[in-house]
Amino acid sequence: MALTQAELVEIFRKLVLIREFDLLAVELRTAKRIYGAVHPYVGEEAVAVGVCAALRPTDRITSTHRGHGHCIAKGADVNRMMAELFGRVDGYCKGKGGSMHIADFGIGILGANGIVAGGMPIACGAALAAQLEDAGGVTACFFGDGATGEGEFHETLNIASLWKLPLLFVCENNRYGAGNAVESVRAQTDISLHAPAYGMPGVSVDGNDVLAVRDAASEAVERARRGDGPTLLHCKTFRMLFHAMRDAPQPDMRPTDVVAAWRGRDRDPVTRFEDHLTSRGIATAVEAQRIRDAVKRDLEAAVAFAEASPYPDPHDLLVDMFAE
Amino acid sequence: MREITFAQALEEALIEEMERDERVITMATQRAPALENKFGDKRVRFTPISEAAFTGIGLGAAGSGFRPVVHWGMVTFSFVAMDQIVNQASKIRYMFGGQADFPVTYRCSTGGGMQVAAQHSQSPYSMFMHLAGLKILLPSMPADAKGLLKSAIRDNNPVVFFECSRLASTTGPVPDGEHTVPIGVADVKRAGRDVTIVGLAYYVREALAVADTLTTEGISVEVLDPRTLVPMDAAAIRASVRKTGRLVVVDEAPATCSAASEIVALVTEDPETFRALRAPVQRVCAAPVPVPFSPPLEQAALPDRARITAAVRRVLEDARRPDPLAR
């Protein structure tokens, strides 16, 4: 289904919002205004936005340690995300989760996950629930290339295919697991080839082309909704920044020429899509700049919201342990 | 009251809960033809031998509105699903700020004495107790097994339900019709005056047998079954120890960092109960070895009536402290 101009512009706004959110998170962490670890999604925005553009609001996702982009793409409120990064009570998890554990069950975000592949069985369970509900719901399971080394990856691909679960496996292959190149840890680098081994379609796509991701995801989602089972979508992308930071970024061991090439305007998923819109007259450069400015204002407001929110009361330490 | 086996009691509980709530579904590596016939293969899933996957599938389905009952088979097999248990199930509610409930029950058989050697004779409940976020159940009697499994399935939290292998064919009275047992409530299986034995699972029965024998010597033993390990009914255990002044804890897990250790700590760190103690407490636990295969070795590794009796005599003979409550 063709996208309207408004939908295309919204895709651009989401790409920019994710980019700016994570650049700001890095800045805030460097300034020690937020805590813990930050795993920037910078460079991979087209995967989250492209996949979530193919989903309905009631569909579900699971996310990863590098999860801010998935949450924003699925519609999370950046105010509450930012408050969580600040460890405040108005954060999504009331300050109990932080950057690696943002969730919004109300809009189908079943949580980011600090364990590589840890969210995959949970996504499979959400897809089983959708199958039993029989209302056409789909789950998208985001994971990185590193997850393919885990048993949970292989176990869930098998069961999801065996049970024909309405599930979209989205592999964000950013070519490096922390500092290790994919070819140094995998015997076979085309991740989509795992799909036929488990009896499902495997599709490789340019993960920096948001419309290509969206088209491939839409096809997989329709297949899942029809009851034909899961698809493995292999999105080839690149992490433009370091793997993670606490007080300072971890040293980036990747070849500088490779990193520089992926940062080019024609490969960067945000500028690439901006040029797509402007060259086709879908949006002007002025309109694009207006969107960027609006996003920056929204994020300034998010920081103000977070800083105005109180820290959790230590007396509430044990609250939320068990449900009634 | 009718008498049925422990295994039958559990089967009844599951069927009744599946009839009561269509959101209750099951997953296990073994087929259950009776359940499948009754409830269909959509709700009664048999799974590949992929414990990590189906442990997490249960959790994800629970977070999406269902009430899965996941059977690991033996607890032994849960160890290949540790990420999903330790990193996910025990933390998922709190870590996300209590946004959602995760009503999933994990069932597993546990314990030794069946001559199936080290890997299939484990009693690792304290490993799971240590993870804040899981409720842990360990019944000893068929009625408790039925009532607690029903409560576990209705509970809105991840529950690990341990089923002692040696109890599967034991029988006991089970009420007809609706019967639940509240989670977190201990039960005095036999009232006594001189010594409290806290037993777990199979060793509740063994403690009762020892208590019977010692009656002939005029020794009055109280036998208390916690039934739930998390949350532990510390008040009931302390009340019993304050009454008798002596405590023996019996379990077939090795003593180090065990449920038995936890029970002893709960007793001794409570000032009033500590002051009521008239003798050092005793733990009767498994030897710190992988459970061996050959029957004489296995028997040597696990607690038995002789060792329980000896521990009771030790706490009775230790008369160094007068009865502090008698002053």
Side-chain angles (χ1 to χ4, degrees), chain A residues 60 62 84 89 91-98 100-106 108-134 137 139 150-160 162-163 165 312 318-324, chain B residues 22-23 25 27 40-43 45-68 70 80-84 86-104 132-135 155-159 183-184 230-231:
Chain A
R60 300 182 178 107
T62 60
E84 190 61 33
V89 79
Y92 265 117
C93 311
K94 306 179 197 167
K96 289 177 170 130
M100 278 186 281
H101 305 301
I102 294 175
D104 184 349
F105 282 73
I109 302 171
L110 271 55
N113 209 304
I115 307 299
V116 169
M120 299 190 73
I122 295 169
C124 219
L128 173 61
Q131 187 183 62
L132 291 166
E133 286 161 354
D134 199 20
T139 301
E150 295 282 7
E152 289 170 330
F153 168 83
H154 298 275
E155 292 185 18
T156 51
L157 257 67
N158 178 54
I159 293 188
L162 180 73
W163 291 356
L165 295 181
L318 298 182
V319 172
D320 299 322
M321 272 304 295
F322 289 105
E324 293 302 312
Chain B
E22 64 176 20
R23 302 223 138 207
I25 60 173
M27 278 178 271
D41 58 7
K42 274 197 162 57
R43 289 178 67 195
R45 300 259 169 172
F46 95 97
T47 72
I49 304 168
S50 302
E51 287 83 1
F54 68 74
T55 298
I57 290 172
L59 190 62
S64 306
F66 286 81
R67 309 187 82 83
V70 176
V80 294
M82 272 298 171
D83 168 48
Q84 291 299 314
V86 179
N87 291 318
Q88 315 297 337
S90 77
K91 297 174 175 55
I92 196 163
R93 182 172 206 282
Y94 184 85
M95 191 168 74
F96 294 143
Q99 286 186 45
D101 294 343
F102 297 88
V104 55
L134 302 174
K135 293 189 178 181
D155 196 274
N156 285 327
N157 298 283
V159 177
I183 291 172
V230 177

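Proteins get letters first, then strands, A, B, ... in listed order; numbering begins at 1 in each. What's counted below: heavy atoms across the whole structure, side chains too, no hydrogens, waters or symmetry copies.
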Donor + acceptor pair across side chains of B:Q84, B:E51 (<3.5 Å): no

Interface residue of largest heavy-atom contact number with chain B, from A:L162, A:T156, A:I159, under 4.5 Å: A:I159

Closest heavy-atom pair and its distance - B:F46, A:W163: O-CZ2, 3.7 Å

Best-contacting candidate, B:V80, B:T55, B:N87, B:D83, against chain A by heavy atom pairs under 4.5 angstrom: B:D83

Contacting moiety of A:E133, where chain B heavy atoms sit under 4.5 Å: both

Interchain contact, A:A112 with chain B, by part (heavy-atom threshold 4.5 Å): backbone

Interchain contact, B:I49 with chain A, by part (heavy-atom threshold 4.5 Å): neither

For chain B, the option from A:D104, A:T139, A:T62, A:L318 that forms the most heavy-atom pairs under 4.5 Å: A:D104

Residue, of B:R23, B:R43, B:K135, B:M95, that accumulates the most heavy atom pairs under 4.5 Å with chain A: B:M95

Identified side-chain contact (heavy atoms from CB on, under 4.5 Å) partner of B:R67 from the options B:V104, B:D155, B:D101, B:N156: B:N156

Segment of B:F66 engaging chain A (4.5 angstrom heavy-atom cut-off): side chain

Heavy-atom contact with chain B under 4.5 Å, split by part of A:L128: side chain

B:A62, part contacting chain A, at a heavy-atom distance under 4.5 Å: neither

Max heavy-atom pair count under 4.5 Å with chain B, selected residue of A:E84, A:E324, A:H154, A:M321: A:M321

Chain B contacts, top residue of A:C124, A:G114, A:G118, A:G97 (heavy-atom pairs, under 4.5 Å): A:G118

